[in-house]
There are 2 protein chains.
Amino acid sequence: MLPERFSTKDFDVAQIRSSCSSCSLRELCLPVGLNDEEVESLGEVVAHKRKILRGGYLHRTGTKFQALYAVKSGFLKTCVLEEDGRQQVTGFHMTGELLGLDAISADMHTCDAIALEDSEVCEIPFSKLEDISRTIPSLMHRFHKIMSREIVRDHGVMLLLGSMKAEERLASFLLNMSRRFAIRGYSETDFNLRMTREEIGSYLGLKLETVSRAFSKLQEEAIISVNNKHIQILDLERLKLKMGNISCST
Amino acid sequence: MLPERFSTKDFDVAQIRSSCSSCSLRELCLPVGLNDEEVESLGEVVAHKRKILRGGYLHRTGTKFQALYAVKSGFLKTCVLEEDGRQQVTGFHMTGELLGLDAISADMHTCDAIALEDSEVCEIPFSKLEDISRTIPSLMHRFHKIMSREIVRDHGVMLLLGSMKAEERLASFLLNMSRRFAIRGYSETDFNLRMTREEIGSYLGLKLETVSRAFSKLQEEAIISVNNKHIQILDLERLKLKMGNISCST
DNA sequence: CTTTTATTTTGATTAAAGTCAATAAAAATA
DNA sequence: TATTTTTATTGACTTTAATCAAAATAAAAG
């Protein structure tokens with residue numbers, strides 16, 4: 001199901017040192033340049049690995065917060081669900097990304113995290129992470145940057161939801177997916193989406209029919225090619241023009 | 001311009017100990033229960049105070065990140081501005097709240113912060129905060145909770161922008177304002193908004209005319225009374241019903 | 001205090017997206 | 001493989017909010 005040009009090269013350094021911190025801690029560790037001793041401390045932090053089958057929950061709203069989760073493989077969505085049935089997908093999460101940051105606030109998860117394909121995560125007990133980050137300032141700083149980046153990302157989504165039209169939103173979404181696949185060594189112009197039109201719609205603040213129509217429109221214009229969940233971007237530049245100069249970092 | 005029933009009682013403890021950490025550090029310090037020595041360390045952190053006149057910038061997009069800002073008094077908005085002129089108000093900020101969290105990510109401010117009335121902030125140099133939080137774990141944890149809460153708040157705004165109608169959005173906004181005024185000792189049913197209809201609209205993903213119509217609608221229904229920026233909530237319960245069971249914590 | 005500028009309200013019209021409905025296609029299950 | 005269920009597309013129509021425009025009100029500046 002995954003594209004084929006995936007490379008684990010980036011993770012080799014960590015892989016040699018610690019069994020579980022392999023790709024899961026890429027996000028948190030690699031950019032800070034830890035020494036062997038420091039990485040060893042971290043090895044203790046991420047002792048536990050978890051597999052979640054497609055459709056399964058990594059965590060549910062209201063349950064006690066124990067650990068952050070680093071996505072080792074797979075694809076997940078997070079969504080907030082209100083009593084009245086209103087639902088909003090707040091994010092899609094792929095390899096190397098960190099989940100559970102919202103739960104620190106009230107020691108309780110504020111959203112559901114559901115696997116959109118069989119996935120693996122590493123548990124990072126949060127109290128341990130805080131302990132260790134006291135002795136490794138660069139790790140603490142790195143963690144702060146990750147939290148901050150989530151805030152910046154959310155502000156980008158707010159801009160999208162607050163000021164963009166359906167087609168612009170979809171273009172923005174596709175470019176974001178494209179970039180994130182590219183970072184992980186997959187094709188930036190040819191990929192399979194893991195989520196349904198309804199889930200895309202929820203994330204983009206649109207109904208599934210509107211999402212479907214926007215896909216069809218972009219295909220008519222020969223900007224993308226759509227076969228169900230398989231997307232090919234035929235003209236990256238024109239797709240970027242569609243969203244009108246907005247950066248695709250959301 | 002501010003409502004009159006304001007009390008500084010909550011801040012007295014800190015005020016005795018350190019001149020500037022008075023109300024500015026309420027958010028960050030008070031709930032962690034620091035001892036005198038710890039508060040003294042913090043006094044060094046928040047040495048610098050700044051006044052911003054109405055319409056003035058606290059910080060601008062793209063400028064180097066140096067410090068977080070704790071609002072000591074006044075009222076500010078933050079907004080992201082795109083090259084094509086698209087603008088989105090990402091938040092309104094009142095006494096005791098912390099600004100600049102988005103800037104940690106790339107060592108650069110990602111939004112403008114503009115005073116909507118004459119305001120005072122305390123600068124909290126971020127590197128110092130990180131240093132000190134190493135020796136005061138409870139402060140570090142408190143800071144993590146604040147960042148996490150910002151993420152939760154943003155998810156709430158995403159839900160609002162993604163799934164609520166104009167009138168529901170405005171009801172949600174008013175209830176949020178009401179709650180935040182109440183926390184600070186002001187009336188929860190009678191207050192002056194500091195922002196224009198256009199700024200409310202930008203925050204809620206609506207045009208100013210739509211915001212105005214929604215105000216008029218709620219007034220017609222005798223749920224609120226509107227006199228320009230002066231709002232009276234006549235029926236808090238019905239206002240809550242308007243937004244359909246969604247919590248007003250955003 | 002008067003003039004100018006900015007803000008707010010309201011109406012008429014247009015554009016965009018939602019809703020309802022039918023069909024088709026894909027995926028999951030028996 | 002056949003059947004059921006889920007997901008996606010498309011059309012017709014409705015609702016919602018945006019746009020355009022004018023007037024009224026409030027705030028700021030001279």
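Computed over heavy atoms, backbone and side chain alike; hydrogens, waters and symmetry mates excluded. Chain identifiers are assigned alphabetically (A, B, ...) following the order of the sequence lines, protein sequences preceding nucleic acid strands; residue numbering begins at 1 within each chain.
The side chain of A166(A) lies closest to dA17(C), out of dT9(C), dA17(C), dA17(D). Comparing dT8(C), dT19(C), dT9(D) by their closest approach to the side chain of N228(B) singles out dT8(C). Nearest to the side-chain atoms of K207(B) among the listed nucleotides dT8(C), dA17(C), dT19(D) stands dT19(D). The side chain of L208(A) sits closest to dT9(D) out of dG18(C), dT9(C), dT9(D).
Proximity of T210(A) to the phosphate of dG18(C): a side-chain N or O atom is located under 4.0 Å from OP1 or OP2. For dT10(D), one of the phosphate oxygens OP1 or OP2 lies less than 4.0 angstrom from a side-chain nitrogen or oxygen of S216(A).
Nucleotide dA17(C) holds its P atom 12 Å from the CG atom of L204(A), rounded to whole Å. One interatomic measurement links the two molecules: CZ of R213(B) to P of dA22(D), which rounds to 15 Å at whole-angstrom precision. Going from atom CG of L193(A) over to atom C1' of dA26(C) covers 15 Å, rounded to whole Å. Atom CE of M164(A) is separated from atom P of dA17(D) by 20 Å (rounded to the nearest Å). The CE-P distance, from M195(B) to dA26(D), rounds to 20 Å in whole Å. Counting to the nearest Å, the C1' atom of dA25(C) and the NE2 atom of H230(A) are 17 Å from each other. Distance R194(A) CZ to dA27(C) P: 14 Å, rounded to the nearest Å. Remark: P of dA6(C) and CD1 of I200(B) are 19 Å apart, rounded to the nearest angstrom.
K229(B) comes within 4.0 angstrom of the backbone, heavy atoms only, and of no base. Here T196(A) lies in heavy-atom contact (under 4.0 Å) with sugar-phosphate atoms only. If you check every strand for non-hydrogen atoms under 4.0 Å, G205(A) touches sugar and phosphate atoms only.
Just one of E237(B), E168(B), E167(B) meets the side-chain hydrogen bond (donor to acceptor under 3.5 Å, both in side chains) condition when paired with K242(B); it is E167(B).
Taking all atoms of both residues into account, the shortest heavy-atom contact from L170(B) to F215(B) is CD2-N, 3.5 Å.
Note on ring orientation: taking the six-membered ring where Trp is involved, the planes of H59(A) and Y69(A) are parallel (angle under 30°, cut-offs 30° and 60°).
Place N227(A) and V211(A) on DNA chain C by their nearest nucleotides, and V211(A) ends up nearer the 5' end. Of the two residues near DNA chain C, E209(A) and R54(A), the one whose nearest nucleotide lies more 5' is E209(A).
Residues R180(A) and E188(A) are not paired through a salt bridge, judged by the lack of any N-O separation under 4.0 Å between the basic side chain and the carboxylate.
For R50(B), the CZ atom is densely surrounded, since the number of other residues' heavy atoms within 6.0 Å is greater than 12.
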